[in-house]
Student: 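First the structure, which I've put down as structure tokens, then a few questions once you've had a look.
First listed ligand is number 1; within each ligand, the first listed atom is number 1.
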Amino acid sequence: MAKLWGTRFKGNSDLLADQFSCSITYDFRLAKYDVIGSIAHAEMLAKQKIIPSSDAAKIVSGLKKILSQIEKGTFKTNPKAEDVHSHVQDVLKKMIGDSADKLHTGRSRNDLIALDVRMYCKDEISLLVELISLVQKAIVKFAQKNHSVIIPAFTHLQRAQVVLLAHHMLAYVEMLERDKERLLDAYKRTDVMPLGSAALSGTSLPIDRLSVAKKLGFAKVSNNSMDSVSDRDFVIELLSAIALLGVHFSRVAEELIILSTQEFGYFEIDWSLCTGSSIMPHKKNPDILELIRGESAKLISNLNEVLVLMKGLPLTYNRDMQLDKTPLFEAADKAELILQLMEKVFISLKLGNAKTLQDQSFFSVDAMEYLIKKGVSYREAHDTIGKMVKNIFDYQKLVADMNVKELKAYHPKFESDVKHLFNPKMSVKIKKSHGSTNPTLVQQQLKKWASKLHA
Ligand code: ARG
């Protein structure tokens, strides 16, 4: 296939070098954006009288045919093409003849690839944000269904205090909301139209970049042609948001894995998302969640790859930048899959058969705050409850069985009403602070999220 730059070259390029530099195998998926961008460009060239309207009309109708083939999935790639831009140009020329030669006026592949990738990233961000909302919705529904369930919460993976399950679930929803915010924030800086920066310095032709930006739905045009063709920050920002999303889901996956073991038994993961063992017939393994946890390693390295790729590059375009595509596409594809699977996980998640919460040490902070409310200092209260907890463990003595005299032996400010505190329901109920696990507050949060997400 003829190269877009072949004329001034002596002889043919090396076959292995061609193979090595070819990007069509991975940038073919940008064809849709290449064509949509080119339609806007050709229409602008005609409007500005840079090319005749008759040529532009042929170009646009040819490109529209290609676009409909892309949409139907019948547009074929050509492994001999150097990249997606050369391929579209080549197919167009075969379709409409010499008018196709006028399409590349006032632009270069350097600004074109920047345009294509920006358009792809914008669509991808919108999709990921939608998918995240679906996962949040599934989590909120699971929380609503089990709104009065109380579970232990951990620090250092040691029993800490009791919380509403819904409170725990809404922690995930908050994490995911920040992921959406990060993506939408990255969107703002991606939404800048680079076409017309040409190779690096702009063009002497009277192009109208603003009209192209408008037609393509970009909020702004870029203000510096050199920056436009060499900036890949927007790719890095998207990869960074995806990496963090991956880390969040890795943590969620880890919790669901551990909390659904027979040892914990708080959750039950649906059979459809588990696998068995080839040797141990009794096994039900949470492989999908394990793989979600594992894939986050890849998402982190995708980000790392592009950071390292970019770090030594001088302005402006360098061919190294072609290599941002594979990590970008891989991360985006993986993120989509993870989100779709996580939605299924929460839609089908059930409560396990964990034992009721008998351990009195869960309520040590509540008992401490009981004393603090009666004017005892934090330190003194901590020491008192420390002694109590020690005895409870050493002598298996339940607070419920102690009489007022025994309680007062620990601290004179104790009355028998302290015994009411030693149960999970009371523990969550007495929490008051904004953002706490108090059932009324959690209900309010659930309502807020449900209406925000239309759950
Ligand atoms: N395939 C290239 C990329 O993805 C397109 C730009 C090529 N530009 C060039 N000067 N060789 O970056």
Student: Please report which non-hydrogen protein atom sits nearest to atom 8 (N) of ligand 1, along with the residue it belongs to and the distance in Å to one decimal place.
Tutor: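 Atom 8 (N) of ligand 1 sits closest to the protein heavy atom Asn110 OD1, 3.0 Å.
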
Student: Taking 4.0 angstrom as the limit and counting only heavy atoms of Ser23, give me the atoms of ligand 1 inside it, by number and element.
Tutor: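 Checking each atom against Ser23, I get 1 (N).
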
Student: Is the distance between the ring centroids of Phe142 and Tyr172 under 6.0 Å?
Tutor: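 No, ring centres 6.0 Å or more apart.
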
Student: For ligand 1, which atoms have a heavy atom of His85 less than 4.0 angstrom away?
Tutor: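 Going through ligand 1 atom by atom, the ones under 4.0 Å from His85 are 5 (C).
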
Student: Applying ring pair (Phe, Tyr, Trp, His ring centres under 6.0 Å), which residue pairs with at least one partner in residues 291-343 are found, sequence neighbours left out?
Tutor: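 Found Tyr120-Phe329.
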
Student: Hey, is Lys325 touching ligand 1 through its side chain, its backbone, both or neither, going by heavy atoms under 4.0 Å?
Tutor: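 Just the side chain.
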
Student: Give me the nearest non-hydrogen protein atom to atom 1 (N) of ligand 1 as residue plus atom name, then the distance to 0.1 Å.
Tutor: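 Ranking protein heavy atoms by distance from atom 1 (N) of ligand 1, first comes Gln322 OE1, 2.8 Å.
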
Student: Which residue and atom name correspond to the protein heavy atom nearest atom 6 (C) of ligand 1, and how close is it?
Tutor: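 The answer is Tyr317 OH, 3.3 Å.
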
Student: Step by step, work out the side chain to side chain donor-acceptor pair (under 3.5 Å) result for Gln445 and Lys448.
Tutor: CA-CA 5 Å; Gln445 289 291 320; Lys448 178 196 87 180; 3.3 Å; yes

Student: Does a donor on one side chain sit under 3.5 Å from an acceptor on the other, for Arg107 and Ser38?
Tutor: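 Yes, Ser38 and Arg107 have a side-chain donor paired with an acceptor closer than 3.5 Å.
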
Student: Without placing hydrogens or testing angles, list every side-chain donor-acceptor pair under 3.5 Å for residues 48-67, not counting sequence neighbours.
Tutor:
from	atom 1	to	atom 2	distance (Å)
Gln48	NE2	Pro206	O	2.9
Asp55	OD1	Ser99	OG	2.7
Asp55	OD2	Lys102	NZ	2.7

Student: Could you tell me, atom by atom, which parts of ligand 1 come under 4.0 Å of a heavy atom of Asp83?
Tutor: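 Heavy-atom distances to Asp83 below 4.0 Å select 1 (N), 5 (C).
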
Student: Between the side chains of Lys80 and Asp90, is the shortest nitrogen-to-carboxylate-oxygen separation below 4.0 Å, so that they form an ion pair?
Tutor: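 The answer is no: the pair does not qualify as a salt bridge.
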
